[in-house]
Protein chains: 2
Amino acid sequence: MGYVTRWLDDDEQRAWRAFMGASQLVQEELDRQLQRDSGMPHAYYAILVKLSEAPERMLRMSELAAELSSSQSRLSHAVARLEERGWVRREPCAADKRVSWAVLTERGLTVLAAAAPGHVEAVRQSLFDLLDPEQVRRLTEICTAVLDRAKAGGAGEPGRRKG
Amino acid sequence: MGYVTRWLDDDEQRAWRAFMGASQLVQEELDRQLQRDSGMPHAYYAILVKLSEAPERMLRMSELAAELSSSQSRLSHAVARLEERGWVRREPCAADKRVSWAVLTERGLTVLAAAAPGHVEAVRQSLFDLLDPEQVRRLTEICTAVLDRAKAGGAGEPGRRKG
DNA sequence: CTCATATGCTTGAGAGTTCAAGTAAGGTGG
DNA sequence: CCACCTTACTTGAACTCTCAAGCATATGAG
């Protein structure tokens with residue numbers, strides 16, 4: 001523990017605050033838009049999207065959690081709420097009785113279809129309308145680099161076990 | 001509204017998911033690190049930092065909220081908790097009795113000083129160690145562009161009034 | 001001066017997230 | 001076939017955040 005802390009220099013400070021600020025801002029804008037216009041938080045929207053893209057529109061809870069980088073606990077609570085609303089249904093798995101499938105219902109698909117246009121519009125306003133194509137390319141590259149480390153087994157990702 | 005939705009193309013999809021993924025990942029890593037090592041969420045840490053940088057280590061609640069891009073409600077709840085821990089103290093304002101000052105206590109400063117090195121280390125691991133200086137420069141530019149629109153009076157920022 | 005409105009902040013209820021336990025089922029070595 | 005560990009998922013309590021009201025104090029119009 002005999003470290004001397006390497007503080008952030010001015011450029012790093014600026015970068016850090018800009019990144020955190022932009023992250024927070026975009027997240028909150030999206031969350032607010034979805035809550036206001038479609039009555040769901042962004043996390044729930046993301047669940048519906050993932051299910052809609054899956055074969056048969058169903059995924060095992062653990063797969064779904066992994067795809068969303070979400071903890072199993074969070075997903076379990078969320079799917080419970082989505083089930084109450086009739087947007088998602090759970091089905092037991094015959095082959096492995098521990099597993100449960102999350103299935104997007106017709107009603108869930110309808111709700112998602114209704115929510116999507118407004119969401120996309122909000123995404124454009126929060127991000128893409130503000131950046132030129134070159135910036136978008138760079139942002140993708142940078143964020144991918146950040147994400148790759150996590151997948152490569154960095155410390156402390158939620159809902160994942162190292163392996 | 002007779003709009004035809006302009007969906008995201010493949011590049012935009014990738015950019016969007018990378019950005020959201022990286023934002024979420026970094027936020028959660030930082031939150032977890034601070035919670036684990038210093039027993040506070042990142043939002044509370046940010047409050048302590050802002051106060052520590054202010055003259056006399058004190059700010060009016062509304063100023064503090066504005067600097068943090070936080071709603072007044074959130075800040076009020078948070079400061080209540082920080083007060084219970086003795087890290088922050090509230091003081092009434094003689095000139096305007098509606099105002100209350102949030103003041104960083106000695107104990108709060110000590111806690112912040114103890115938390116900071118681990119936090120900075122986590123920031124490096126989550127972000128700066130993964131990027132070269134040119135990428136950091138680009139990230140700053142991009143995030144600043146995203147933030148500037150909000151300050152320039154975009155729709156729906158939390159805890160702010162337009163004007 | 002007085003009433004209406006705006007401002008600064010707080011409060012309470014409802015919701016989502018987290019962490020730590022807890023249940024149940026699958027797999028394995030003896 | 002029986003303990004034992006792992007895997008898949010759920011549950012409950014504590015905590016934070018949000019939204020909508022709710023005070024109390026300025027401020028301005030008449």
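In what follows, chains are A, B, ... by sequence order, proteins preceding strands, each numbered from 1. All values reported here derive from a predicted model rather than from experimental measurement.
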Practice task
Run the salt-bridge test on R137(B) and E134(B) with the 4.0 Å N-O cut-off and return the result as yes or no.
Solution key: yes
Problem - S71(B) side chain near dC19(D) phosphate (N/O to OP1/OP2, under 4.0 Å) - result: no
Problem - Pair E29(A) + R149(B), salt bridge at N-O below 4.0 Å - result: yes
Fill in the blank from the handout: Contacts of Q35(A) and Q35(B) projected onto DNA chain C by closest heavy atom; the upstream (5') one is Q35(A)
Practice task
Answer with yes or no whether the hydrophobic clustering places V120(B) together with L30(B); edges join I, L, V, M, F, W, Y residues whose side-chain heavy atoms lie under 4.5 Å apart.
Solution key: yes
Handout entry: SB check E84(A) R81(A) (cutoff 4.0 Å)
Key = yes
Exercise for the section: For Q24(B) and dT18(C), give me the distance from atom CD to atom C1', rounded to whole Å. Expected result: 14 Å
Exercise for the section: Please work out if A43(A) contacts a base, only the sugar-phosphate, or nothing of the nucleic acid, heavy-atom cut-off 4.0 Å. Expected result: sugar-phosphate
Problem - Phosphate contact (dC19(D) OP1 or OP2) by R32(A) side-chain N/O below 4.0 Å - result: yes
Practice task
Would you mind telling me which residue lines up with the more 5' stretch of DNA chain C, E63(B) or A94(A), judged by nearest nucleotide?
Solution key: E63(B)
N/O donor-acceptor pairs under 3.5 Å from side chains in residues 13-23 of chain A, not counting sequence neighbours:
| unit_1 | atom_1 | unit_2 | atom_2 | d |
| --- | --- | --- | --- | --- |
| Q13(A) | OE1 | R17(A) | NE | 3.1 |
| Q13(A) | OE1 | R17(A) | NH2 | 3.4 |
| R14(A) | NH2 | D11(A) | OD1 | 2.4 |
| R17(A) | NH2 | E53(B) | OE2 | 2.8 |
| S23(A) | OG | F19(A) | O | 2.9 |
| S23(A) | OG | S23(B) | OG | 3.1 |

Completion exercise
Under a 4.0 Å heavy-atom cutoff, the residues of residues 96-104 of chain A touching DNA chain C are D96(A), K97(A), R98(A)
Completion exercise
Bend of the helix from dC1(C)-dG30(D) to dG30(C)-dC1(D) from end-axis comparison, five pairs per end, nearest 10°, comes to 10°
Problem - Atom-pair distance (CG on L34(A); P on dT18(D)), nearest Å - result: 15 Å
Exercise for the section: Would you please name every residue forming a side chain to side chain contact (heavy atoms under 4.5 Å, CB included) with A102(A), sequence neighbours left out? Expected result: L51(A), M61(A), L64(A), V88(A)
Problem - Rounded distance (Å) that lies between atom C1' of dG8(C) and atom CZ of R74(B) - result: 18 Å
Exercise for the section: Report the distance from atom CG of L64(A) to atom C1' of dA8(D), rounded to the nearest whole Å. Expected result: 13 Å
Problem - Check ion pair E83(A)-R89(A) (N to O, under 4.0 angstrom) - result: no
Problem - SB check E106(A) R57(A) (cutoff 4.0 Å) - result: yes
Please write out each protein N/O paired with an N/O of nucleotides 11-15 of chain C under 3.5 Å, distance rounded to 0.1 Å.
| unit_1 | atom_1 | unit_2 | atom_2 | d |
| --- | --- | --- | --- | --- |
| dT11(C) | O4 | S73(B) | OG | 2.9 |
| dG12(C) | O6 | H77(B) | NE2 | 2.7 |

Exercise for the section: Nearest whole angstrom, please: distance from the P of dT7(D) to the CE of M61(A). Expected result: 18 Å
Practice task
Would you please name every residue forming a side chain to side chain contact (heavy atoms under 4.5 Å, CB included) with P133(A), sequence neighbours left out?
Solution key: none
Exercise for the section: Check each of E121(B), H119(B), H42(B), E28(B) against Q33(B) using the side chain to side chain contact (heavy atoms under 4.5 Å, CB included) test, and report the only one that passes. Expected result: H119(B)
Handout entry: Under-4.0 Å salt bridge between R124(A) and E12(B)
Key = yes
Practice task
Grab the CD-P distance between E84(B) and dA14(D) for me, whole Å please.
Solution key: 15 Å
Handout entry: For atom CG of L30(A) and atom C1' of dG16(C), their distance in whole Å
Key = 17 Å
Handout entry: Atom-pair distance (CG on L59(A); C1' on dC9(D)), nearest Å
Key = 15 Å
Exercise for the section: Decide, yes or no, whether a salt bridge links K50(B) with E63(B) under the criterion of side-chain N to carboxylate O below 4.0 Å. Expected result: no
